[in-house]
Visitor: 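Starting off with a structure, shown below.
Just so it is clear, the values below take in all heavy atoms, side chains as well, and ignore hydrogens, waters and symmetry mates. These numbers come from a predicted model, not from an experiment.
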Amino acid sequence: MKYPVEKTEAQWKMELGEEKYRILRQKGTESPHSGTYNLHAENGTYVCGGCKEPLFESNSKFNAHCGWPSFDESIPGKVQYIKDNTHGMIRTEIVCANCGGHLGHVFNDGPTKTGVRYCVNSLSVDFK
């Protein structure tokens, strides 16, 4: 797929470092309860860890007790949805619509009024 921000894999690896590259570009997952933003509760905006595009507002974040940062909605147009059939499951992957960076997955089991839970790797986002 083509995205507004395009870089070579070598450029991404050099800019992101090993762990962020593994998550954002190789579709990895960080260990549960290990991420900086899992229990983070400040007011602001979560941006893509690769290209800094705004993705989630802090008022959409909630504690889903799943071990990863969870949001009940994204900023409109900032997240792309891709069917994911890996690991013997049917899920919906979420990626940054600006650079294609892997963020995590979205599920229809959220406890808030939206009924949606965006399950996001801390290493795939930064906070402003």
Side-chain angles (χ1 to χ4, degrees):
M1 294 187 158
K2 290 275 190 193
Y3 294 97
V5 174
E6 295 272 336
K7 298 180 184 183
T8 66
E9 290 307 305
Q11 287 172 312
W12 281 120
K13 197 169 194 176
M14 186 175 68
E15 288 178 22
L16 297 173
E18 286 293 323
E19 275 303 289
K20 277 188 139 183
Y21 178 81
R22 183 181 71 79
I23 301 293
L24 282 161
R25 306 312 304 175
Q26 296 182 315
K27 303 182 185 297
T29 302
E30 64 195 9
S31 298
H33 306 285
S34 68
T36 301
Y37 299 119
N38 181 37
L39 300 176
H40 187 255
E42 292 181 38
N43 290 326
T45 303
Y46 293 85
V47 301
C48 177
C51 71
K52 308 307 179 213
E53 186 75 8
L55 301 171
F56 303 98
E57 296 294 346
S58 60
N59 63 358
S60 69
K61 190 171 186 302
F62 67 97
N63 187 351
H65 305 283
C66 63
W68 292 276
S70 297
F71 303 86
D72 66 1
E73 64 183 352
S74 64
I75 296 173
K78 301 298 184 174
V79 173
Q80 183 179 21
Y81 307 87
I82 302 170
K83 187 175 182 179
D84 179 359
N85 294 322
T86 61
H87 306 291
M89 297 179 270
I90 299 172
R91 302 179 291 174
T92 302
E93 177 189 11
I94 51 175
V95 301
C96 173
N98 194 49
C99 72
H102 173 75
L103 305 171
H105 291 85
V106 64
F107 302 96
N108 292 320
D109 63 2
T112 70
K113 65 182 178 184
T114 67
V116 177
R117 175 175 56 97
Y118 290 80
C119 187
V120 177
N121 290 290
S122 283
L123 286 171
S124 68
V125 293
D126 289 321
F127 182 76
K128 291 187 178 192

Visitor: Report the residue from Y118, F62, Y46 that forms a ring pair (Phe, Tyr, Trp, His ring centres under 6.0 Å) with F71.
Guide: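 Of Y118, F62, Y46, ring pair (Phe, Tyr, Trp, His ring centres under 6.0 Å) with F71 is met by Y46 alone.
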Visitor: Any sub-3.5 Å donor-acceptor pair from K61's side-chain atoms to N43's backbone N or O?
Guide: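 Pair absent, no side-chain N/O of K61 close to backbone of N43.
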Visitor: Please say yes or no: joined through hydrophobic side-chain contacts below 4.5 Å, possibly via intermediate residues, are I94 and Y21 part of one cluster?
Guide: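 I94 and Y21: separate clusters.
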Visitor: For residues V79 and S74, report the shortest heavy-atom separation together with the two atoms involved.
Guide: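 The pair with the smallest heavy-atom distance is CG2-CB, 3.6 Å.
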Visitor: Hey, are the side chains of W12 and K20 touching, using non-hydrogen atoms and a 4.5 Å cut-off?
Guide: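 No; the side chains remain at least 4.5 Å from each other.
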Visitor: Between atom NE2 of H65 and atom CG of L39, what is the distance when rounded to the nearest 0.5 Å?
Guide: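 If we round to the nearest 0.5 Å, H65:NE2 and L39:CG are 9.0 Å apart.
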Visitor: For the residue pair I82 and V95, what are the closest heavy atoms and their distance?
Guide: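 Nearest pair, atom of I82 first, then V95: CD1-CG2, 3.8 Å.
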Visitor: Are any non-hydrogen side-chain atoms of K78 and F56 less than 4.5 angstrom apart?
Guide: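 No, too far: nothing below the 4.5 Å cut-off.
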Visitor: Minimum heavy-atom separation for P32 and C66, please, with both atom names.
Guide: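 The answer is CB-O, 4.2 Å.
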Visitor: Classify the ring geometry of H102 against H105: parallel below 30°, tilted from 30° to 60°, perpendicular beyond 60°.
Guide: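 Perpendicular.
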Visitor: Determine, using the 4.5 Å side-chain heavy-atom cutoff (strictly less than), whether Y81 and L55 are members of one ILVMFWY cluster.
Guide: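 Yes, Y81 and L55 fall within the same hydrophobic cluster.
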Visitor: Find out whether D72 and V116 are in side-chain contact, i.e. whether some heavy atom of one side chain is under 4.5 Å from a heavy atom of the other.
Guide: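 They are not in contact (no side-chain heavy atoms under 4.5 Å apart), so the answer is no.
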Visitor: Testing the basics here: between C119 and F107, what is the closest heavy-atom pair and its distance to 0.1 Å?
Guide: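 Taking every non-hydrogen atom into account, CB-CE1, 3.8 Å.
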Visitor: To the nearest 0.5 angstrom, please state how far the CD1 atom of I75 sits from the CD atom of E57.
Guide: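 Here the interatomic distance stands at 4.0 Å.
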Visitor: Among residues at least two apart in sequence or on other chains, which ones pass side-chain hydrogen bond (donor to acceptor under 3.5 Å, both in side chains) with R117?
Guide: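 Checked R117 against side-chain hydrogen bond (donor to acceptor under 3.5 Å, both in side chains); matches are D109.
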Visitor: Would you mind writing out the side-chain donor-acceptor pairs for residues 23-30 within the sub-3.5 Å range, not counting sequence neighbours?
Guide:
| unit_1 | atom_1 | unit_2 | atom_2 | d |
| --- | --- | --- | --- | --- |
| R25 | NH1 | C99 | O | 3.2 |
| K27 | NZ | E93 | OE1 | 3.3 |
| K27 | NZ | E93 | OE2 | 2.8 |
| E30 | OE1 | S122 | N | 3.4 |
| E30 | OE1 | L123 | N | 3.1 |
| E30 | OE2 | S122 | N | 2.5 |

Visitor: Atom OG1 in T45, atom CG in D126: separation rounded to 0.5 Å?
Guide: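 With rounding to 0.5 Å, OG1 (T45) is 12.0 Å from CG (D126).
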Visitor: What distance separates E73 CD from K113 NZ, expressed to the nearest 0.5 Å?
Guide: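 Here the rounded value is 7.0 Å.
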Visitor: Can you tell if the side chain of R22 reaches within under 4.5 Å of the side chain of L16, non-hydrogen atoms only?
Guide: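 They are not in side-chain contact.
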Visitor: Applying side chain to side chain contact (heavy atoms under 4.5 Å, CB included), run through M89 and D84 and close with a yes or a no.
Guide: CA-CA 8 Å; M89 297 179 270; D84 179 359; over 6 Å; no
Visitor: Could you work out, with side-chain hydrogen bond (donor to acceptor under 3.5 Å, both in side chains) as the rule, every residue matching T92, not counting sequence neighbours?
Guide: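 Once residues adjacent in sequence are excluded, T92 has no partner under the side-chain hydrogen bond (donor to acceptor under 3.5 Å, both in side chains) criterion.
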Visitor: For E18, does the CD atom sit with more than 12 other heavy atoms under 6.0 Å from it, leaving out its own atoms?
Guide: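 Incorrect, the count does not exceed 12.
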Visitor: Any heavy-atom pair between the side chains of W68 and N121 that's under 4.5 Å?
Guide: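 Answer yes - side chains close enough.
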Visitor: Is the NZ atom of K52 crowded by more than 12 outside heavy atoms at less than 6.0 Å?
Guide: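 Count over threshold, so yes.
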Visitor: Parallel, tilted or perpendicular: which one describes the rings of H40 and F127, with boundaries at 30° and 60°?
Guide: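 Taking F127 first and then H40, their aromatic rings stand perpendicular (interplane angle over 60°).
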